[in-house]
Amino acid sequence: MAAPEIHLRTETKEFEQRSALTPSAAKTLIGKGWRVYVERDDEKTYETGKRVFADKEFEEVGCELVPNNSYRSAPPSRPILGLKELLPIPLPSASTYPLSHTHITFAHCYKRQGGWSDVLNRWVSGKGMLYDLEFLVHPNGRRVAAFGFWAGWVGAAVGVLAVGEQTKGGRLGPLKPWENEHACLKEVKRAKEEAERNLGRKLRVMVMGALGRCGSGALDCLKKLGFGNEELLKWDLEETAAGGPFAEILDVDIFINCIYLSSPIPPFLSFPFIYASPSRNLQMIVDVSCDTTNPHNPLPIYSVVTDPSLPTVDVALENNAGPPLTVCSIDHLPSLLPRESSETYSQDLLPSLLELP
């Protein structure tokens with residue numbers, strides 16, 4: 001019987017450093033008789049999506065290194081593992097060519113995101129198969145493996161950093177990945193202290209979806225930054241049952257949206273609601289959920305997905321009452337802590353990989 005195989009493709013999304021498979025997880029697969037093929041990635045840069053794990057780290061545990069973006073020429077029976085969009089370079093039709101392999105990835109199409117039918121048609125036309133990682137779930141519906149905890153964690157850190165700049169009249173500049181959690185906390189604590197000095201009071205933060213993976217990550221970061229319970233509003237289904245918009249969001253300095261949007265809901269904020277409010281402390285929204293292309297987006301006050309090179313976008317308010325209001329909508333926040341988030345995800349995914357047919 002032939003040994004089971006898997007092919008780890010390179011990521012082509014800008015600033016994406018995470019990996020669906022880590023050297024430690026690959027070592028486990030190899031120890032169980034698998035052949036693991038890993039596309040070389042060392043020649044790329046952070047801006048073009050260089051993987052945080054060096055090629056040598058995979059080679060040292062027994063993986064076979066293959067050329068960058070070579071998955072299209074892999075044997076048809078070999079599953080292709082990756083995270084983000086399939087956009088190999090330099091093919092002119094990179095985003096539309098048919099997909100003939102079995103791909104294990106995040107397709108971002110089953111909530112009718114923009115272009116969803118074109119994405120799915122690539123597997124139909126290529127007679128391939130999609131295992132969408134977003135819908136790999138336990139019997140109770142909970143995701144088997146998810147980056148949610150680290151998305152919320154990093155989102156909270158970025159929100160505090162942004163307010164630190166905005167309270168002194170500036171703007172958050174380009175972000176680079178932190179080496180580890182400790183380095184991130186050290187930098188963000190300084191920003192928190194500076195913001196609170198400038199405001200003359202403690203910062204207040206609301207986490208929407210506080211009971212989920214993403215929300216728990218945000219709260220973990222905020223508590224490590226020194227936020228007390230009196231400075232944190234933790235909302236979930238019970239608090240939002242009546243439907244928005246919600247005045248409480250405008251009362252805090254930072255709003256972190258961590259919900260999983262699965263059905264239409266009233267918006268959390270709207271332009272008329274903001275204009276009608278007598279006052280506003282809110283100056284930073286971290287939209288970890290990033291449902292900008294979803295027709296039921298609960299934050300219809302912006303429509304731009306940001307990235308680490310320009311992490312925030314202004315909300316175009318018609319009047320200048322209150323502080324400037326910006327949004328961070330980076331859709332791959334865990335890539336700013338790529339090692340921690342990849343290790344957690346890969347270990348959670350490993351049991352399911354071992355069960356592949």
Side-chain angles (χ1 to χ4, degrees), residues 108 111 113-114 134 143 146-163 166 172 203-222 225 227 231-271 273-274 277 280-307 311-317 323-334 336:
H108 299 300
K111 292 189 287 183
Q113 294 97 323
E134 186 174 357
R143 296 261 295 273
F147 284 100
F149 179 89
W150 289 107
W153 202 102
V154 175
V158 172
V160 176
L161 276 180
V163 170
Q166 289 171 203
L172 184 62
L203 288 173
R204 298 182 70 239
V205 184
M206 175 188 281
V207 177
M208 187 73 81
L211 298 180
R213 270 194 180 109
C214 181
S216 65
L219 291 171
D220 182 76
C221 177
L222 293 167
L225 289 170
F227 283 89
E231 290 122 40
L232 298 175
L233 272 70
K234 308 166 193 175
W235 279 34
D236 211 276
L237 293 174
E238 181 179 346
E239 290 80 5
T240 59
F246 301 107
E248 290 87 346
I249 296 175
L250 299 178
D251 289 339
V252 299
D253 301 287
I254 304 170
F255 173 61
I256 305 175
N257 178 35
C258 294
I259 71 163
Y260 180 80
L261 184 64
S262 58
S263 59
I265 59 173
F268 296 151
L269 289 176
S270 67
F271 282 117
F273 184 75
I274 294 173
S277 174
R280 172 174 59 84
N281 290 322
L282 182 69
Q283 58 178 298
M284 181 65 207
I285 297 171
V286 183
D287 191 5
V288 182
S289 301
C290 283
D291 287 305
T292 53
T293 63
N294 190 305
H296 309 298
N297 177 18
L299 291 169
I301 58 173
Y302 85 103
S303 60
V304 178
V305 175
T306 63
D307 64 49
T312 62
V313 61
D314 292 326
V315 175
L317 298 175
L325 179 58
T326 65
V327 179
C328 171
S329 55
I330 298 172
D331 63 2
H332 52 302
L333 283 164
L336 292 168

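Remember, it's a predicted structure, so these values are computed and weren't measured experimentally. For the numbers below, each heavy atom of this structure counts, side chains included, while hydrogens, waters and symmetry mates do not.
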Inset, instruction - Working to the nearest 0.5 Å, report the span between SG of Cys221 and CZ of Phe149. - result: 9.0 Å
Legend entry - Side chain proximity check, Cys328 to Met284, heavy atoms < 4.5 angstrom: yes
Inset, instruction - Not counting sequence neighbours, which residues clear salt bridge (Lys or Arg N to Asp or Glu O under 4.0 Å) with Asp287? List them please. - result: none
Inset, instruction - In sequence, state the C-alpha distance, the side-chain angles, and the governing distance for Val163 and Gln283, and then conclude on side chain to side chain contact (heavy atoms under 4.5 Å, CB included). - result: CA-CA 7 Å; Val163 170; Gln283 58 178 298; 4.2 Å; yes
Legend entry - Distance, nearest 0.5 Å, that separates OH of Tyr260 from CG of Asp291: 9.0 Å
Inset, instruction - Flag the pair Thr312 / Thr306 as yes when at least one side-chain heavy-atom distance between them is below 4.5 Å, and no otherwise. - result: no
Legend entry - Evaluation steps, side chain to side chain contact (heavy atoms under 4.5 Å, CB included), between Ile274 and Leu282: CA-CA 10 Å; Ile274 294 173; Leu282 182 69; over 6 Å; no
Inset, instruction - Using a 4.5 Å cut-off on heavy atoms from C-beta on, say whether the side chain of Leu222 contacts that of Glu231. - result: no
Legend entry - Verdict with supporting geometry, Asn281 and Arg204, side chain to side chain contact (heavy atoms under 4.5 Å, CB included): CA-CA 9 Å; Asn281 290 322; Arg204 298 182 70 239; 5.6 Å; no
Inset, instruction - Examine distances only and state if a side-chain atom of Arg213 and a backbone atom of Phe147 form a donor-acceptor pair shorter than 3.5 Å. - result: no
Inset, instruction - Measure the spacing between CG of Asn294 and CG of Leu299 and express it to the nearest 0.5 Å. - result: 11.5 Å
Output side-chain donor-acceptor pairs under 3.5 Å for residues 238-252, partner residues at least two apart or in another chain, one line each.
residue : atom : partner : partner atom : Å
Glu239  : OE1  : Asp236  : N            : 2.8
Thr240  : OG1  : Asp236  : O            : 3.2
Thr240  : OG1  : Leu237  : O            : 3.3

Legend entry - Cys290 SG to Asn297 CG distance, which is reported to the nearest 0.5 Å: 9.5 Å
Inset, instruction - Take Leu232 and Val207, measure what side chain to side chain contact (heavy atoms under 4.5 Å, CB included) needs, and give me the verdict at the end. - result: CA-CA 8 Å; Leu232 298 175; Val207 177; 5.5 Å; no
Inset, instruction - Find out whether Ile259 and Pro298 are in side-chain contact, i.e. whether some heavy atom of one side chain is under 4.5 Å from a heavy atom of the other. - result: yes
Legend entry - Residue pair Ile330 / Val154, side-chain heavy-atom distance below 4.5 Å: no
Inset, instruction - Give, for atom OG1 of Thr326 and atom CG of Leu172, the distance between the pair rounded to the nearest 0.5 Å. - result: 8.0 Å
Inset, instruction - Please report the closest heavy-atom contact between Gly209 and Cys258, naming both atoms and the distance. - result: O-CB, 4.2 Å
Inset, instruction - Would you indicate whether the side-chain heavy atoms of Pro323 and Arg280 approach each other to under 4.5 Å? - result: yes
Inset, instruction - Report yes if some heavy atom in the side chain of Thr292 is under 4.5 Å from a heavy atom in the side chain of Val304; otherwise report no. - result: no
Legend entry - Close side-chain approach of Leu333 and Val288, heavy atoms under 4.5 Å: yes
Legend entry - All side chain to side chain donor-acceptor pair (under 3.5 Å) counterparts of Asp314, not counting sequence neighbours: Arg171
Inset, instruction - Calculate, to the nearest 0.5 Å, the distance between atoms CZ and CD1 belonging to Phe227 and Ile254 respectively. - result: 5.5 Å
